[in-house]
Amino acid sequence: MNRAFDYRAATSFSEALGWLAEMGSNARPLAGGTDLLVNVRAGLMTPTCVIDLKPIPEITTLSFDEGEGLLIGAGVTINEIIESEVIQQQYPLLAICAHQLASHQVRNRATVVGNIVNASPCADMAPPLLCLQAEIEIQGNDGARWVPCATFFTGAKQTILKPGELVSRIRVPAAMQGAKGGYKKLKRIQGHDLGIVGVALAALDSAVHIAVSSAAATPVLVKPFSRTDDLGTVVAAVCEAISPIDDVRCTKDYRLFMAETYVKRLWQEVVA
Amino acid sequence: MYHDASPESLRYVGQGPARLESKQKLTGQATYVADMAMSGMLHARVKTSPHARARIIKIDTSKAEALPGVRAVVTGEELDYRLGLYVVDKYILAKGEVRHYGEAVAAVAADSVVIAEKAVQLIEVEYEVLTPVLQPLDAIKEDAPLVHADLGSYDYFKPAFTPQPGTNIVNHNKIRKGDVEKAFTEADYVIERFYTNPSVQHVPIETHVSIAKWGTDDQITIWSAAQSPHTVKNLFAVAFKIPHRNVRVQVPYIGGGFGGKAGIGLEPLVAVLSRKAGGRPVRLQATREEEFSLLPCRSGLQQRIKTGVSADGRILAQQMTQYWDAGAYADYAVNVQRAASYSGSGPYEIPNCWVDSYALYTNKPYSTAYRGFGHVEFHWGIERHMELVASAIDMDPLEFRLKNLLRPGSRTITGEEITPHTGNVIKCVETVAESIGYGKLTDEEKEREQRTGRKIGKAVAALQKAPAMPPFTAASVVAKMNQDGTVTLNVSLTDMGQGTYTSLAQLAAERLKFPLEKVHVAFETDTDRDPYDWQTVASKGLMLSGNATILAAEDLLKNAYEVASQILRATAHDMDHDDEKIFIKHHPGRSISFKEIAVGYAYPDGNGIGGPLIGVGRYIAQGLGHIDKETGQGLPALDWTYGAHGMVVEADPETGEYTILKIASAFDVGKAINTGLVRGQAIGGMLQGLGTAFCEGYIFDEQGRLLNPSFTDNKIPTAMDLPLEVDAYVVETAQIDGPYGARGVGEHSMISVCSALGNALQQAVGVELTHMPMRFEDVWRALNNKTPIDNWITKSPVGSCRSAPELRRHE
Amino acid sequence: MKVKTTVNGQVYERETVPYKTLLHFIREEIGLTGTKEGCAAGECGACTVILNGKPVNSCLVLAVEANDAVIETVEGEGAGNELSDLQAAFERHHATQCGFCTPGMLMSIRDLLRRHPKPTVEQIKAGIEGNFCRCTGYVQVIEAVLDATGQSAKKGELKHVS
Ligand SMILES: Cc1cc2nc3c(=O)[nH]c(=O)nc-3n(C[C@@H](O)[C@@H](O)[C@H](O)COP(=O)(O)OP(=O)(O)OC[C@H]3O[C@@H](n4cnc5c(N)ncnc54)[C@H](O)[C@@H]3O)c2cc1C
Ligand code: FES
Ligand code: FES
């Protein structure tokens, strides 16, 4: 690495939280490092210490039961999501989106939690978690709380996490098991690339949930729809909910058009 | 040489043996510059400009110098050396003014990269930001700010270039063949379009890296990932006014070059850091980000093409004006532009042809050689234009091409006559057209269209390229016999992955009739050890060094025969060689092995004769000359390699997304010396061409800051981006003066790939695209008749893309 | 900080700064320079090594994170001077040109073959998606993998037009 910093390996959340409290904004939690280390190298983040969460035993949790639903610990990698049989069967949208994230090597390190904490508008795990009504467990020095994923993102690379707080788990409700889904992600190449715009759709019983990435400052969950809704109304609601911009990857116009097209096509494929 | 050797007589030429060095590479043992470490070595980092154009008011290095572990800090003020291949216009570090985003203004050598990086951040530079000139068409305006106000005082290579002081025109070439004005009035149709493409990066996976040691008595050793060690040595010695013998350049394995490492790069900077650090070796490796802006790129091109055709589809006249975006320094860009002027029509017979080609300075990262040397860029326009002209006169584009392509008896735009052994472009085009099933969709393809809702289009594009080099370019090879009768070749042409060394070994083994494994080519190049070669560029390596290898092998044989003649008491005429022996033809049992005479022969009584066997081969390009500055007439080309691509694309008529189903490429290589290597060049270059066709390209903001200097927003093709089917063909029309009839093919595979894609998209969904890359959004914009724009930030209009369903020929 | 790792079956114990990447640790501290750096940002895959059985971009792993880990690099792919079947297939099929991407590419494929002993072309493409190669155009790499897995020894053909 081109910049110096210290490293500490936490063996429990309380230890990590203690260090974070001690060092304040100079410390940064480290999960897979696929965002953090890239940012440090680029000089976008300048921690004096990184706190490795991976040695915390419980963060590898990846479990499902009818009561709790699906629990994803802060150390669960994207490839573990892809490989999980229960996810493939009960929450296929998670695996579909995970497959679209980066390359195989990156996915072996990148975590789901890191992906949403990093809170990039193009985070590929955000749309499925939003569609599946996921909740995020936040740990602070004054205890733990659950928040809906839909309130987690507050701005470009901004979340509701307060300084010194950590995400410990993600829960996908049991009620969403069996949701059918699809994800369309526009990229510049067929190989691994960040999304230019992405639309995820999950359908369960009569409800349809749609979330969009790379089309606003945060990933966007559109209000829930019903199977019987008119597609024109759905498309209009999606366009209303997003606020795409021009950037190096494409124009606002094309983003809008592709979001619209993807919604139509996903609706045809999954709902109709 | 030996172009007419019968295939049956050949043992190695025409086969596909594995690379000589593949085991080194496959086991991770091949040593690249980045893998080298020396005792006392320091690490360098560079302070670069955040502005495209600015006056440097002050540089304060005091804090950096005070940082523990910093051993040397340099700024432009203390370095009065200018460098340049053709126009001597570039300081080692910016002096007085920065001319592009990412230009180096100061550098540090320290005990570690981390310290050097920190020191660089501590350097404070005060700038007065000036308005940059960013577009070539702005740069050519009379009142444009001057990128180089002192252009008039620069030294330059006079026989080939004409910088125009007081302007941003660093070179202008003209071709004047026939009378275009008159021919346009006689033409039935005149069609004119404007084509553009942006600057792009070479992206070798190994970034530029150099280590230098400036020792006592000005003894300088440089280890560098450089394509052309003797050019580094020459430019270095000239800039520092040091005798050539003091400068030693060593090049170990190179992790790809593609032209980006062809000239001189980081070497002078690391050398001056070493000098300042008391002669300790200093290492500098460019970051990927620096690779995009500190180091050179490929020129952008904006080109107007106007073509007059007869009603029956003959090209009568063509006028082309090329505006090359050289960026801040001339480097190779002027020669790229010059080559693009004399080759500018592509492989077509055009009786009346005018070209005006300008290389323009702009405040952008400077440009250099890149695989294809200008030909990818101008063929983009030419081959799109041929498609559009054909469509405009309602003729099939393939038929139109076949009617106008060069053939024996044709004259090129510089007046060169095409002969039956020049190469056969028509066959290349016919081959790829047949391979893709040009002109109609199969039942399977029709069914696919039905199933996917996408449209399939098929098209071809042709290409040509000759080496662009001084007419007197030379190369040499030394073949040395080892004590065990094996042979080592020393060359200073480098093998950066293209595989030329393996082909040279095949040529030497062929002449010597030695087993291939007995011939070794010394991989690490060293200017103190290896004989001169101009540069590893231009696809001239196989031809010049190949011929030199044959001559070296023959020289070695001549020396060996002299000794054998004494031992066997026979004249050379009565002897032959094979099986690593020289024998008397009439009494094959009477022989002497090469091993016995390798370093001199010893008679049983101890008397010695002969001496170590060495062969020297020298070859220089023949019969070429400087082209006339006013008319462009003359003979600039050592050999023309022709080729063509056929492309099948499937596109979504709604969104503009597309997938390439098939690409077939054919090249007239004269003779494929190594079939595996030729195929590797054909496919590798094709995919590199596709990258620039579908996504690669520099994106600047209005201030000239590069917005995508990394893989995050400058993607290159991955394995997922391969066309579903890839075919490579060779046509073999022997080049009489090529080794066993061969000509170069290293660059050609990249040329016209983008045009083939543009043409196929036109046939698929009826879009007229004149700007590359063709991002999905570009296709969508064309489909919807939206203004074509160069990028999504500045939104400068480019080209004339439009929906043109009438241009589709194949339903 | 002390880092102890097993690389290609050999145990190494080294003192290192906490911010050293695993890539630089392997190259500079252990001295195995086969693994390359092409971007230092997780994009190109030149730095791919197998860490505890999984291929990763070693430029995005800290050496201290690999304490007690088992690592495989290109240097462990063959046996002594013998090429592995995969390397030998690469050699036959001209699947390396400049060679800079090759060490990382081989590690990705080694892992792919553990997951899919007879991978399809699609699986091969996905398996090396994270390994940029600017030279070969990947076709000869894919052919080499098919050959190494006994699926097709056919060499890709350079077609001669008569
Ligand atoms: C080459 C490359 C390609 C990529 N492509 C994609 C892509 O296609 N799609 C996509 O969505 N992403 C992509 N990414 C980014 C993706 O890898 C990350 O978003 C990843 O999921 C982050 O997880 P991580 O474990 O690596 O997080 P880290 O980098 O370890 O952490 C990310 C951020 O979250 C913080 N953090 C981590 N864990 C916690 C915690 N438990 N509590 C609080 N804060 C925490 C860190 O301090 C850091 O700020 C790519 C990255 C690379 C390098
Ligand atoms: S160097 Fe690690 S991915 Fe490029
Ligand atoms: S062989 Fe050069 S990058 Fe792959």
Side-chain angles (χ1 to χ4, degrees), chain B residues 16 18-19 21-32 34-35 37 114 202-207 253-258 287-288 427 431 496-499 666 672 675-680 682-688 710-712 716-720 722 726-732, chain C residues 17 19 27-28 32-41 43-44 46 73-75 77-78 81 83-84 86-88 90-103 106 124-142 155-162:
Chain B
R19 293 171 173 268
E21 80 293 3
S22 50
K23 287 196 177 62
Q24 309 303 315
K25 289 174 175 170
L26 289 162
T27 54
Q29 306 234 338
T31 302
Y32 300 76
D35 303 333
V114 174
H202 311 73
V203 194
I205 303 303
E206 174 202 45
T207 58
Y253 285 86
I254 308 174
F258 310 112
T287 62
R288 181 55 65 187
K427 195 172 257 181
T431 300
M496 56 200 134
Q498 80 278 34
T675 52
L677 294 174
V678 170
R679 185 162 173 267
I683 298 173
M686 176 281 291
L687 196 65
Q688 196 166 17
S710 76
F711 289 139
T712 314
I716 64 166
T718 69
M720 301 293 282
L722 264 178
V726 174
D727 259 333
Y729 296 84
V730 287
V731 174
E732 293 185 321
Chain C
V17 290
Y19 51 87
R27 289 174 52 82
E28 294 159 17
L32 296 176
T33 55
T35 310
K36 305 298 182 206
E37 176 170 291
C39 70
E43 297 273 358
C44 74
T73 70
V74 66
E75 286 91 347
E77 171 64 19
N81 274 333
L83 297 185
S84 70
L86 178 62
Q87 287 167 318
F90 260 60
E91 180 172 46
R92 283 195 300 281
H93 289 268
H94 292 269
T96 180
Q97 288 189 21
C98 81
F100 208 74
C101 69
T102 309
L106 287 167
I124 298 169
K125 286 183 181 175
I128 58 172
E129 176 185 3
N131 296 83
F132 291 172
C133 176
R134 192 57 153 174
C135 300
T136 63
Y138 308 102
V139 170
Q140 286 158 311
V141 174
I142 296 169
K155 275 205 192 162
E157 195 197 346
L158 179 71
K159 299 179 178 168
H160 287 73
V161 183
S162 54

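Naming: A, B, ... by sequence-line order, numbering from 1 per chain. What's counted below: heavy atoms across the whole structure, side chains too, no hydrogens, waters or symmetry copies.
Within the 4.5 angstrom heavy-atom criterion, no atom of C:A41 approaches chain B. At a 4.5 Å heavy-atom cutoff, the contact between B:F711 and chain C is made by backbone and side-chain atoms alike. Proximity to chain B is absent for every atom of C:E28, based on heavy atoms less than 4.5 angstrom apart. Looking at C:S84, neither its backbone nor its side chain comes within 4.5 Å of chain B, counting heavy atoms on both sides. Heavy-atom distances place the backbone of B:M496, and not its side chain, under 4.5 Å from chain C. Contacts of B:V726 with chain C are made by side-chain atoms alone, with heavy-atom separations under 4.5 Å and no backbone atom involved. If you measure heavy-atom distances from B:A682 to chain C, you find no contacts under 4.5 Å at all. When heavy atoms are compared at a cutoff of 4.5 Å, C:I124 does not approach chain B at all. Heavy atoms closer than 4.5 Å to chain C are found in the backbone of B:I254, but not in its side chain. Proximity to chain C (any heavy atom under 4.5 Å) is restricted, for B:A30, to the backbone atoms N, CA, C and O.
The side-chain contact (heavy atoms from CB on, under 4.5 Å) with C:K159 is formed by just one residue from the set B:V730, B:T431, B:D727; it is B:D727.
For the options C:K125, C:E77, C:K36, C:H94, heavy-atom pairs under 4.5 Å to chain B are most numerous at C:H94. Contact tally against chain C (heavy-atom pairs below 4.5 Å) for B:V678, B:L677, B:V731: the top residue is B:L677. The choice from B:L687, B:V114, B:T27 that makes the most heavy-atom pairs within less than 4.5 Å of chain C is B:T27. Note on B:T287, B:T718, B:D35: by heavy-atom pairs under 4.5 Å with chain C, the leading option is B:D35. For chain C, the option among B:G680, B:G499, B:S710 with the highest count of heavy-atom pairs below 4.5 Å is B:G680. Interface summary for chain C: among B:T207, B:V203, B:T712, the most heavy-atom pairs under 4.5 angstrom belong to B:V203. The candidate with the highest count of non-hydrogen atom pairs below 4.5 Å against chain C, out of B:R19, B:R679, B:R288, is B:R679.
Of the possible polar contacts, one joining the C:R27 side chain to the B:A34 backbone as a donor-acceptor pair under 3.5 Å is found. Using a distance-only test at 3.5 Å, with no hydrogens or angles considered, no donor-acceptor pair links the side chain of B:E206 to the main chain of C:F100. With C:Q87 contributing its side chain and B:L26 its backbone, the two residues share a donor-acceptor pair below 3.5 Å. A donor-acceptor pair under 3.5 Å is formed between the side chain of C:R134 and the backbone N or O of B:H202. Checking side-chain atoms of C:H160 against main-chain N and O of B:E732 turns up no donor-acceptor pair under 3.5 Å.
C:H93 is linked by a ring pair (Phe, Tyr, Trp, His ring centres under 6.0 Å) to nothing, counting only residues two or more places apart in sequence or in another chain.
A distance of 12.5 Å separates CD1 in B:I205 from CD in C:E37, rounded to the nearest 0.5 Å. For the atom pair CD (B:Q498) and SG (C:C135), the distance works out to 9.5 Å, reported to the nearest 0.5 Å. In this structure, the separation between CG on C:N81 and CD on B:Q29 is 7.5 Å, given to the nearest 0.5 Å.
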